[in-house]
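Side chains included, hydrogens not; waters and symmetry mates left out as well; all remaining heavy atoms used. Fair warning: this is a prediction, and the values are worked out from it, not measured in the lab.
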Amino acid sequence: MFALLEALKEAAVGSIQSIKQIAIIVIPIMLVMEILKDMGLLDRIADWFSPVVRIFGMRKESAFPLVIGIIIGLSYGAGIIFKAAKENKLSKKDLYLITYFLVAAHAVFEDTAIFAALGVSAVLLLATRLAVAAMFTFLASKVIKETEKEVNL
């Protein structure tokens with residue numbers, strides 16, 4: 001019984017520490033996102049990447065959450081994706097396609113750096129992950145039908 005209580009205590013403490021660590025990273029990112037939005041830079045970033053997301057049949061508002069997910073990963077990017085979905089009322093198709101792309105290509109910079117330190121070719125790894133993600137998302141975009149215009153979170 002003591003071992004079970006000790007395990008539960010350790011799990012609770014570990015969970016609280018994880019939430020704290022995520023908050024330390026996500027809250028500043030959300031603040032920066034709000035500042036970028038107020039300055040109009042969020043729209044510019046979306047405009048820069050809109051030709052790319054349009055290849056996949058997504059609206060330009062999908063560009064910023066996709067870029068954030070690629071750069072900082074799913075765990076930290078999820079807050080941005082949820083917020084963008086809520087504010088921009090992204091379609092279910094856009095959300096699915098963002099998710100599909102990020103399954104193969106999330107946190108590409110940090111993962112590539114880790115594997116490069118182990119001797120893997122960074123260029124080959126990065127190119128392969130982005131190519132697989134792009135092909136998978138493109139194929140999915142041809143299969144997924146637009147069922148509902150907006151998602152309310």
Side-chain angles (χ1 to χ4, degrees), residues 11 14-15 17-153:
S15 296
Q17 288 174 340
S18 293
I19 291 170
K20 185 175 127 181
Q21 185 178 20
I22 289 171
I24 288 170
I25 295 170
V26 171
I27 291 170
I29 290 171
M30 298 296 266
L31 289 171
V32 168
M33 184 176 137
E34 286 299 318
I35 292 167
L36 291 174
K37 188 170 93 177
D38 291 344
M39 294 172 60
L41 292 175
L42 206 58
D43 290 330
R44 283 193 202 157
I45 292 169
D47 288 340
W48 291 337
F49 288 96
S50 65
V52 175
V53 296
R54 287 210 174 109
I55 291 170
F56 303 121
M58 294 187 279
R59 297 184 335 199
K60 82 172 191 172
E61 292 81 10
S62 302
F64 186 73
L66 181 63
V67 169
I68 291 299
I70 290 169
I71 294 171
I72 64 173
L74 289 172
S75 2
Y76 303 124
I80 303 293
I81 293 167
F82 287 142
K83 187 169 180 59
K86 194 172 191 175
E87 288 180 357
N88 296 323
K89 298 185 178 187
L90 297 176
S91 70
K92 282 186 178 182
K93 180 179 180 180
D94 288 348
L95 290 172
Y96 279 123
L97 294 175
I98 288 170
T99 303
Y100 293 155
F101 192 95
L102 293 178
V103 164
H106 61 278
V108 291
F109 300 112
E110 67 184 31
D111 288 352
T112 302
I114 290 168
F115 283 104
L118 297 173
V120 175
S121 168
V123 173
L124 181 61
L125 179 62
L126 185 60
T128 302
R129 285 185 71 191
L130 292 175
V132 167
M135 286 188 300
F136 180 64
T137 305
F138 181 77
L139 292 173
S141 74
K142 299 303 177 195
V143 173
I144 296 174
K145 301 286 186 238
E146 193 73 49
T147 56
E148 291 183 29
K149 273 294 196 199
E150 300 174 348
V151 174
N152 295 320
L153 299 176

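- Side-chain contact between F101 and L66 is present, with at least one heavy-atom pair separated by less than 4.5 Å.
- With sequence neighbours excluded, the residues that form a side chain to side chain contact (heavy atoms under 4.5 Å, CB included) with V120 are F115, L125.
- The CD1 atom of I19 lies 12.0 Å from the CD1 atom of I24; values are rounded to the nearest 0.5 Å.
- Here CD of E61 is found 9.5 Å from OG of S50. Values are rounded to the nearest 0.5 Å.
- Proximity of F82 to L95: side-chain heavy atoms (C-beta onward) are nowhere separated by under 4.5 Å.
- Considering all non-hydrogen atoms of both residues, P65 and S62 come closest at CD-O, 3.4 Å.
- If you take CH2 on W48 and CG on L41, they are separated by 7.0 Å, rounding to the nearest 0.5 Å.
- In this structure A122 satisfies the side chain to side chain contact (heavy atoms under 4.5 Å, CB included) test together with T112, A116, sequence neighbours excluded.
- Among residue pairs with one or both ends in residues 111-120, those qualifying as salt bridge (charged side-chain N to carboxylate O under 4.0 Å, His left out) are D111-R129; sequence neighbours excluded.
- Listed by first then second residue, pairs satisfying salt bridge (charged side-chain N to carboxylate O under 4.0 Å, His left out) with a partner in residues 45-57 read D47-K60, not counting sequence neighbours.
- Note that CG of L97 is 8.5 Å distant from CZ of F56, once rounded to the nearest 0.5 Å.
- A ring pair (Phe, Tyr, Trp, His ring centres under 6.0 Å) check over residues 121-144, counting only residues at least two apart or in different chains, returns the pairs Y100-F136.
- Taken to the nearest 0.5 Å, the CG atom of L90 stands 9.5 Å off from the CE atom of M58.
- Partners of L124 according to the side chain to side chain contact (heavy atoms under 4.5 Å, CB included) rule, which considers only residues two or more places apart in sequence or in another chain, are S121, T128.
- To the nearest 0.5 angstrom, I81 atom CD1 is 12.0 Å from D94 atom CG.
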